[in-house]
Amino acid sequence: MALLEIKNIDVSYGKHVTVSGCSIDLEQGEICSVVGESGSGKTTVIRAVLGLLPGGGRVSSGDIIYDGRSLLQLNKKEWRALRGHDISMIFQDSGAMMNQTRLIGKSFVEYIRTHEHISKQDAWKKGADMLSRMRLPDPDRIMRSYPFQLSGGMRQRVGIAMGMTYQPKLLLADEPTSALDVTTQAQIVRQMMELRDEYGTSIIVVTHDIGVAAYMANKVVVMKDGHIEDQGERGYILNDSTNAYTRKLIGAVPSLGGKRYV
Amino acid sequence: MEKKSFIRKYPVFVVFAVLALLIILMAIFAPQLSGGVSPIKGSLKESIKPPSAEHPFGTDKMGRDIFVRVLYGARISLSSTFILVAVIFVIGTFLGILAGYFGGIVDAIIMRLADMMIAFPGLVLAIAVAGILGASTQNAIIAIAVVSWPKYARLARSLVMKIRHTDFVAAAMVTGSKTPYMLWKYMLPNTITTLVITAATDIGGMMMELAALSFLGFGAQPPNPEWGSMLNEGRNFMQSAPWLMIYPGLAIFVTVVVFNMLGDGLRDILDPRSNEGR
Amino acid sequence: MGKKQILSRLAQMLIVLIGISVITFLLTYLSPGDPVRNMYLAQGLMPDEEQVAQQREEMGLNDPFLTQYFRWLGNCLHGNFGNSFALGKPVVTLLLARLWPTLKLALMSMVLMLLVSVPLGVLSAVYQDKPIDYIVRAITFFGVSIPNFWVGLLLILVFCVQLRLLPVVSSGGTFKDMILPAVTLAVAMSAKYTRQVRTAVLEELHSDYVIGARARGVAEWKILWGNVFPNSLLPLITMLGLSVGSLLGGTSVVEVIFSYPGMGNLAVQAITSYDYYLIQGYVLWVAVIYMVINLLVDISYNYVDPRMRLRR
């Protein structure tokens with residue numbers, strides 16, 4: 001059985017449908033890339049999986065099944081238990097997704113204590129341990145820093161470390177490398193792939209960078225104007241697909257880390 | 001734009017524009033509406049009468065009809081408020097554009113002056129200015145203008161600075177456009193919308209400040225009917241004749257509500273973005 | 001804010017202070033009446049020409065402008081603001097006696113204002129575009145449109161004249177005397193501040209970290225009270241400092257209505273009796289108080305916000 005099944009969903013804002021008829025299946029340990037230009041609805045889809053559609057958006061038809069149960073039926077408490085525990089999300093700039101006026105350690109503690117009844121001291125230690133397990137240098141210093149004091153790459157690695165605290169079965173990554181320079185990009189991409197290899201984490205990575213998508217994924221979904229234009233195994237999309245839009249995207253491939261992955 | 005679609009699109013603005021117009025018309029036609037009753041001369045026989053069919057808002061100590069006085073009061077309140085807003089709008093915008101356009105020493109002088117004015121709590125300085133110049137409507141306007149122009153100057157300056165270094169301005173300057181032409185043709189049009197919105201939303205507040213000065217005795221002088229000074233006269237009769245302070249106050253309140261709504265409505269039309277989060 | 005910024009801020013403040021003193025001095029220098037004549041009038045005397053001329057010479061009123069200004073400034077810096085014409089006492093003594101009642105009143109109305117506007121503003125922001133938001137917005141709209149002197153009069157009418165619960169004249173400056181003046185001042189300010197609280201909280205609610213925290217499963221109340229609210233306090237502190245200005249202006253009106261023994265009431269009396277030195281002193285004091293409060297606010301703001309403190 002698939003870990004996640006997005007079944008023919010529409011996402012609407014009021015009467016306006018922004019994403020329509022979108023279906024994606026994801027197996028345990030699989031990495032799926034969703035590619036498309038900005039405004040194609042790719043971020044909306046993974047936001048919908050986590051029930052975090054911005055500004056009054058809602059899934060107006062279809063269903064999202066995670067681990068055998070419909071996410072659309074969850075109540076607030078069930079959502080909270082799921083988010084950050086079974087399903088984690090990392091963002092384009094994970095540092096910006098933390099309160100800028102609080103120490104990273106404090107945000108980390110707040111997060112851990114949301115999911116576990118442990119003391120603040122223990123939570124702090126667990127957070128620092130998590131950072132060092134993700135091979136971040138000097139975890140104590142990071143815990144005592146504010147998000148804006150770290151570099152973009154470091155912030156992103158902290159975001160991933162946080163997201164991996166409870167070894168979620170599913171990791172949703174929203175443009176995780178777009179804000180980074182090429183070398184750091186490669187580092188983050190590799191780290192995410194290691195997560196899959198070590199913990200069997202399934203990953204959906206949303207990106208406009210087809211180089212990153214192709215390098216990481218087993219499966220690629222191409223989105224355009226709110227619908228799925230093309231999808232299939234990596235090899236099929238890269239080599240065999242006859243879809244004109246897919247071909248156009250691949251034709252415009254940028255390189256990653258100085259070398260072409262496609 | 002068709003008339004009907006405009007009304008449907010901005011119903012709030014239209015309704016309050018009509019109400020504002022109604023208030024202005026009432027002020028203009030006060031002599032006709034009052035049926036020739038004088039707002040200044042009363043008859044002592046009619047002294048301190050509660051509201052009745054004959055005197056809908058009652059009468060005061062001098063036997064003057066409060067309804068008539070409130071009607072005439074609209075003339076003083078509205079005209080002085082409009083003059084005040086126009087004065088600070090023109091002076092503030094002018095100085096702000098100069099500061100933003102020329103920069104350097106001109107900017108420094110104008111803006112430091114603005115800083116100093118802003119460093120005084122508005123009404124405190126206004127009271128002092130009005131008090132020292134002597135109590136009159138004209139001096140009350142001057143007093144509030146003195147402390148209110150910096151807001152417009154700062155706004156106009158920041159708007160001008162935004163476009164001062166854009167390419168199209170640079171191009172116009174390179175092609176030899178004269179300074180007054182630059183100010184009139186490029187700087188003013190780019191600041192005017194925001195400043196008009198500010199002025200429109202300020203009308204209500206300015207009316208209240210003028211009324212506050214009159215209430216303290218530093219604005220329009222008795223026996224002239226002005227809402228603030230009528231309240232001041234009325235407060236001595238609170239026990240025996242509460243209508244003396246209810247109706248003039250209500251007149252200020254209603255007028256301010258109408259003009260505030262009108263200002264908000266205008267802002268929504270001219271600057272739809274600012275609507276969010278309000 | 002680093003030491004450097006504090007110093008440059010202080011330097012700026014000094015320039016503005018000098019400006020304030022010049023403006024204050026000009027207020028009376030340019031006033032149409034002759035101060036000597038007014039002084040006599042304030043004491044109920046009719047002076048003859050010779051007396052006036054002699055007095056003018058003694059007071060240095062015939063000296064050039066700058067001489068007069070610097071003499072006046074020097075005296076001010078030594079704490080000598082002159083003597084009140086009408087009351088015959090040093091301005092410092094008179095103002096000092098009224099300072100605390102006014103500050104007490106301002107403080108009480110500010111506390112009232114915070115008690116009302118913070119909960120309403122937060123509620124209105126959290127339930128944006130829900131019925132409760134519309135109700136709060138309607139209330140604040142009427143609140144900012146109602147003149148505070150009328151509110152004061154209506155309160156007197158209801159609570160003192162009709163219900164006879166409170167004294168009409170608050171000349172004692174006791175707690176009971178302060179209730180109505182403080183409420184009057186708080187009404188308009190609460191309305192304005194509720195709007196500001198709402199805007200600040202809304203802005204914070206739309207920050208990215210709120211989505212981040214939700215994605216981590218953090219409970220809504222924790223996001224609101226642990227993150228959004230403390231963060232929105234930062235801009236609100238600044239606005240609170242600025243609202244002290246309208247508060248100090250408002251006290252004069254309210255003090256007159258309730259015959260409250262504060263600085264504003266004294267100043268209004270001083271103006272009606274052309275008591276120039278007292279007016280000067282009042283304007284200068286209030287401006288300096290306002291300025292110092294805002295300087296403290298700025299410094300504290302910079303201390304509270306780590307982004308200000310730690311960024312190069």
Side-chain angles (χ1 to χ4, degrees), chain A residues 43 46-47 49-56 76-104 106-116 144-150 155 158-159 162-163 165-166 168 171-174, chain C residues 1-2 122 124-134 199-238 297-312:
Chain A
T43 297
I46 60 165
R47 285 283 187 86
V49 172
L50 211 50
L52 285 178
L53 287 167
K76 280 184 182 169
K77 207 177 152 198
E78 290 167 324
W79 263 127
R80 284 206 302 272
L82 199 78
R83 288 176 190 152
H85 194 273
D86 293 41
I87 307 179
S88 276
M89 187 153 180
I90 57 177
F91 299 87
Q92 181 164 356
D93 179 359
S94 297
M97 308 309 273
M98 279 180 249
N99 189 344
Q100 300 299 303
T101 63
R102 281 180 121 189
L103 296 177
I104 288 175
K106 287 245 170 101
S107 293
F108 215 149
V109 166
E110 178 189 66
Y111 163 49
I112 289 172
R113 280 163 53 90
T114 297
H115 297 285
E116 266 182 281
R144 282 195 311 274
S145 302
Y146 290 97
F148 57 83
Q149 290 177 300
L150 303 183
R155 289 212 295 239
V158 170
M162 245 193 213
T165 309
Y166 293 98
L171 186 66
L172 305 170
D174 185 4
Chain C
M1 185 151 72
V122 172
S124 171
V126 171
Y127 295 100
Q128 187 189 9
D129 293 333
K130 301 270 161 52
I132 195 156
D133 180 28
Y134 285 113
T199 311
V201 172
L202 268 183
E203 201 154 296
E204 277 298 319
L205 274 175
H206 290 139
S207 316
D208 285 342
Y209 73 80
V210 172
I211 295 168
R214 281 186 188 140
R216 290 190 285 272
V218 179
E220 285 297 320
W221 66 268
K222 246 189 182 167
I223 297 178
L224 181 63
W225 295 109
N227 297 282
V228 168
F229 184 65
N231 278 13
S232 55
L233 281 181
L234 295 169
L236 287 176
I237 292 172
T238 306
V297 163
D298 271 16
I299 293 174
S300 72
Y301 180 91
N302 284 284
Y303 177 75
V304 176
D305 190 340
R307 283 165 294 192
M308 296 281 178
R309 190 157 24 101
L310 297 173
R311 252 179 202 160
R312 306 127 281 170

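Reminder, nothing fancy here: chain letters follow the sequence lines and each chain counts from 1.
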task = Output the option from A:Asn99, A:Leu103, A:Thr114 having the highest count of non-hydrogen pairs under 4.5 Å with chain C.
result =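 The candidate making the most pairs under 4.5 Å is A:Asn99.
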task = Tell me, out of A:Gln149, A:His85, A:Met89, who's got the most heavy-atom pairs with chain C below 4.5 Å.
result =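 Of A:Gln149, A:His85, A:Met89, A:Gln149 has the most heavy-atom pairs under 4.5 Å with chain C.
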request  = Could you tell me which residues satisfy ring pair (Phe, Tyr, Trp, His ring centres under 6.0 Å) with A:Tyr146, sequence neighbours excluded, listed by chain and number?
outcome  =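 With sequence neighbours excluded, A:Tyr146 shows a ring pair (Phe, Tyr, Trp, His ring centres under 6.0 Å) to A:Phe148, given in chain and number order.
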query = Which heavy atom of C:Ile211 sits nearest a heavy atom of A:Leu52, and at what distance?
reply = O-CD1, 4.0 Å
Under 3.5 Å, sequence neighbours excluded: what are the donor-acceptor pairs made by side chains of residues 216-225 of chain C?
unit_1, atom_1, unit_2, atom_2, d
C:Arg216, NH2, A:Met97, O, 3.3
C:Glu220, OE1, C:Arg214, NH2, 3.3
C:Glu220, OE2, C:Arg214, NE, 2.7

query = Quick one: does C:Asp208's side chain get under 4.5 Å of A:Phe91's, heavy atoms only?
reply = no
key: Under 4.5 Å from a heavy atom of chain C, the part of A:His115 involved   = side chain
inquiry  = For A:Ser88, which atoms come within 4.5 Å of any heavy atom of chain C: side chain, backbone, both, or neither?
reply    = neither
